[in-house]
S.K.: 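Shown below is the structure under consideration.
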Amino acid sequence: MPACPLCNNLRTTLFYQQQRGLLSSREYYHCEQCQLVHVPQRFQLDSETEKSVYDLHENNPNDPQYRQFLARIFEPMIERLDAGACGLDFGSGPGPTLSSMFAEAGMPCTTYDIYYDNRLERLQHCYDYVVCTEVIEHVAAPLEVFNTLIRCLKPGGYLGIMTQRWLDAERFKGWTYRNDPTHIGFFHERTFRYLAIKFALELTIYPRDVVIFRKPHDQG
């Protein structure tokens, strides 16, 4: 059985197997320790194919509906931030929008994206806040990414993550979110609680798809 990519637990179990369509025979494994459900590497897209899917995304910064969608994480984040707070939009995509929303609110936000804005030097800085919106479900090495995101936070800083959460095994079978071929990691509420304990972070969980971590002031 493939090890969990988030907590390295070797005891994962087959959770679901796709039976039809483009993802036929794709397997999903469940980790009892951190509750992550993940797709093993042998079922994942190569980088070129993955990017070709992202190139089809129409993330228009001027689209009111897209901004309303992002408001689910934007609004609870700005409630916590001081004026002038500087942040990072990790995985900003082909049409960065959330960074513009923060900048318009007086909170400058730089961007990073492995395919569209791959400036690694931006991950060497520390920020008052970091947002990761509809990104973490795409990454093959979530533990490495979480380490990076938390390292980018100043003490007292906030990390906002937006990704739909799986609820139970029965509903997972009919969950359309898992059908995206670029979605390979699925988080449960208990997965985020596991991460909060592991990294000694404060955690606030919002309905459906938003969580916000806070890095304590005594963490370097």
Side-chain angles (χ1 to χ4, degrees), residues 4-8 31 33-38 50 54 59 70 72-82 85-93 96-103 107-165 182-206 209-220:
C4 174
L6 183 63
C7 70
N8 297 317
C31 175
Q33 180 165 281
C34 72
Q35 300 301 316
L36 183 78
V37 173
H38 81 281
E50 183 181 32
Y54 300 150
N59 298 345
L70 294 175
R72 294 213 295 271
I73 191 168
F74 173 71
E75 291 177 355
M77 286 292 290
I78 61 171
E79 289 174 357
R80 292 166 163 79
L81 299 173
D82 296 328
C86 295
L88 170 71
D89 182 2
F90 182 91
S92 49
T97 302
L98 195 56
S99 56
S100 297
M101 293 168 66
F102 279 107
M107 301 169 187
C109 186
T110 191
T111 56
Y112 172 81
D113 191 283
I114 191 172
Y115 290 123
Y116 302 102
D117 198 3
N118 194 358
R119 304 186 189 186
L120 290 173
E121 67 274 11
R122 294 180 176 176
L123 302 182
Q124 306 306 315
H125 299 286
C126 288
Y127 303 90
D128 299 306
Y129 67 95
V130 176
V131 284
C132 181
T133 304
E134 291 291 317
V135 172
I136 200 65
E137 67 274 8
H138 298 271
V139 303
L143 180 59
E144 179 181 334
V145 169
F146 267 93
N147 273 307
T148 297
L149 298 179
I150 293 164
R151 189 174 62 246
C152 285
L153 274 185
K154 294 179 181 179
Y158 293 94
L159 167 61
I161 293 177
M162 186 172 174
T163 184
Q164 288 188 31
R165 302 189 290 269
T182 66
H183 289 183
I184 57 176
F186 306 92
F187 291 67
H188 193 275
E189 180 176 313
R190 285 179 287 173
T191 312
F192 290 114
R193 295 191 187 280
Y194 165 84
L195 288 166
I197 293 171
K198 177 177 176 62
F199 291 100
L201 304 171
E202 300 171 10
L203 171 65
T204 304
I205 297 177
Y206 290 84
D209 58 0
V210 171
V211 300
I212 296 179
F213 295 96
R214 182 176 181 272
K215 188 175 187 178
H217 282 285
D218 58 1
Q219 275 196 35

S.K.: Can you tell me how far the OG1 atom of Thr110 sits from the CZ atom of Arg119, to the nearest 0.5 Å?
M.R.: 7.5 Å
S.K.: Which distance, rounded to the nearest 0.5 Å, do you find between the CZ of Arg190 and the CG of Leu36?
M.R.: 12.5 Å
S.K.: Check whether any side-chain heavy atom of Ile205 lies under 4.5 Å from a side-chain heavy atom of Arg193, and answer yes or no.
M.R.: yes
S.K.: Take Thr163 and Glu137 through the side-chain hydrogen bond (donor to acceptor under 3.5 Å, both in side chains) test and state the conclusion after the steps.
M.R.: CA-CA 7 Å; Thr163 184; Glu137 67 274 8; 2.8 Å; yes
S.K.: Run Tyr127 and Leu153 through side chain to side chain contact (heavy atoms under 4.5 Å, CB included) and show every step you take.
M.R.: CA-CA 5 Å; Tyr127 303 90; Leu153 274 185; 5.5 Å; no
S.K.: What's the shortest heavy-atom distance between Leu203 and Phe192, and which atoms?
M.R.: CD2-O, 3.6 Å
S.K.: Any chance the side chains of Thr182 and Glu50 put a donor and an acceptor closer than 3.5 Å?
M.R.: no
S.K.: Given 3.5 Å as the limit, does a donor-acceptor pair link the side chain of Asp128 with the main chain of Cys86, or not?
M.R.: yes
S.K.: Please lay out, stage by stage, how Leu81 and Phe102 fare under the test side chain to side chain contact (heavy atoms under 4.5 Å, CB included).
M.R.: CA-CA 10 Å; Leu81 299 173; Phe102 279 107; 4.0 Å; yes
S.K.: Salt bridge or not between Arg165 and Asp209? Use side-chain N to carboxylate O under 4.0 Å.
M.R.: no
S.K.: Heavy atoms only: give me the nearest Thr204-Tyr206 pair and the separation to one decimal.
M.R.: CG2-CE1, 3.6 Å
S.K.: Would a 4.5 Å heavy-atom cut-off, applied to side chains only, mark Leu143 and Lys198 as touching?
M.R.: yes
S.K.: Can you measure from CZ (Phe186) to CD1 (Ile136) and round to the nearest 0.5 angstrom?
M.R.: 12.5 Å
S.K.: Are Tyr129 and Tyr158 close enough that their ring centres sit under 6.0 Å apart?
M.R.: no
S.K.: Looking at every heavy atom in both His38 and Cys4, which two are closest together, and how far apart are they?
M.R.: CE1-CA, 4.2 Å
S.K.: Go through the side-chain N and O atoms of Asp117 and Ser92 and say whether any donor and acceptor fall under 3.5 Å apart.
M.R.: no
S.K.: I'd like to know whether Asn118 forms a side-chain hydrogen bond (donor to acceptor under 3.5 Å, both in side chains) with Tyr112, so could you lay out the CA-CA distance, the side-chain angles of the two residues, the decisive distance to 0.1 Å, and finally the verdict.
M.R.: CA-CA 6 Å; Asn118 194 358; Tyr112 172 81; 2.9 Å; yes
S.K.: For a quick test of reading the model, state the closest non-hydrogen atom pair linking Leu98 to Leu70 and the distance between them.
M.R.: N-CD1, 3.9 Å
S.K.: Within the supplied structure, the quantity of interest is the number of heavy atoms (other residues, nucleotides, ligands) at a distance under 6.0 Å from Glu144 CD; does it exceed 12?
M.R.: no
S.K.: Going from SG on Cys152 to CG on Leu88, what distance comes out if it is rounded to the nearest 0.5 angstrom?
M.R.: 6.0 Å
S.K.: Looking only at atom types and distance, does a side-chain atom of Asp89 sit under 3.5 Å from a main-chain N or O of Thr111, one as donor and one as acceptor?
M.R.: no
S.K.: Mind checking whether Asp218 and Pro155 have side chains closer than 4.5 Å, heavy atoms only?
M.R.: no
S.K.: As a quick check of understanding, evaluate side chain to side chain contact (heavy atoms under 4.5 Å, CB included) for Leu201 and Lys215, giving each step before the final call.
M.R.: CA-CA 5 Å; Leu201 304 171; Lys215 188 175 187 178; 4.2 Å; yes
S.K.: Please round to the nearest 0.5 Å and tell me the distance separating atom OG1 of Thr133 and atom CZ of Phe90.
M.R.: 11.5 Å
S.K.: If you compare all heavy atoms of Pro96 against all heavy atoms of Gly93, which two are closest, and at what distance to 0.1 Å?
M.R.: CD-O, 3.7 Å
S.K.: If every non-hydrogen atom of Met77 is compared with every non-hydrogen atom of Val131, which pair is closest and at what distance?
M.R.: CE-CG1, 3.9 Å
S.K.: Show your reasoning for whether side chain to side chain contact (heavy atoms under 4.5 Å, CB included) applies to Leu195 and Phe213.
M.R.: CA-CA 9 Å; Leu195 288 166; Phe213 295 96; 4.3 Å; yes
S.K.: Nearest 0.5 Å please: distance from the SG atom of Cys7 over to the CD atom of Gln33.
M.R.: 4.0 Å
S.K.: Compute the ring centroids of His138 and Tyr54, then answer whether they are less than 6.0 Å apart.
M.R.: yes
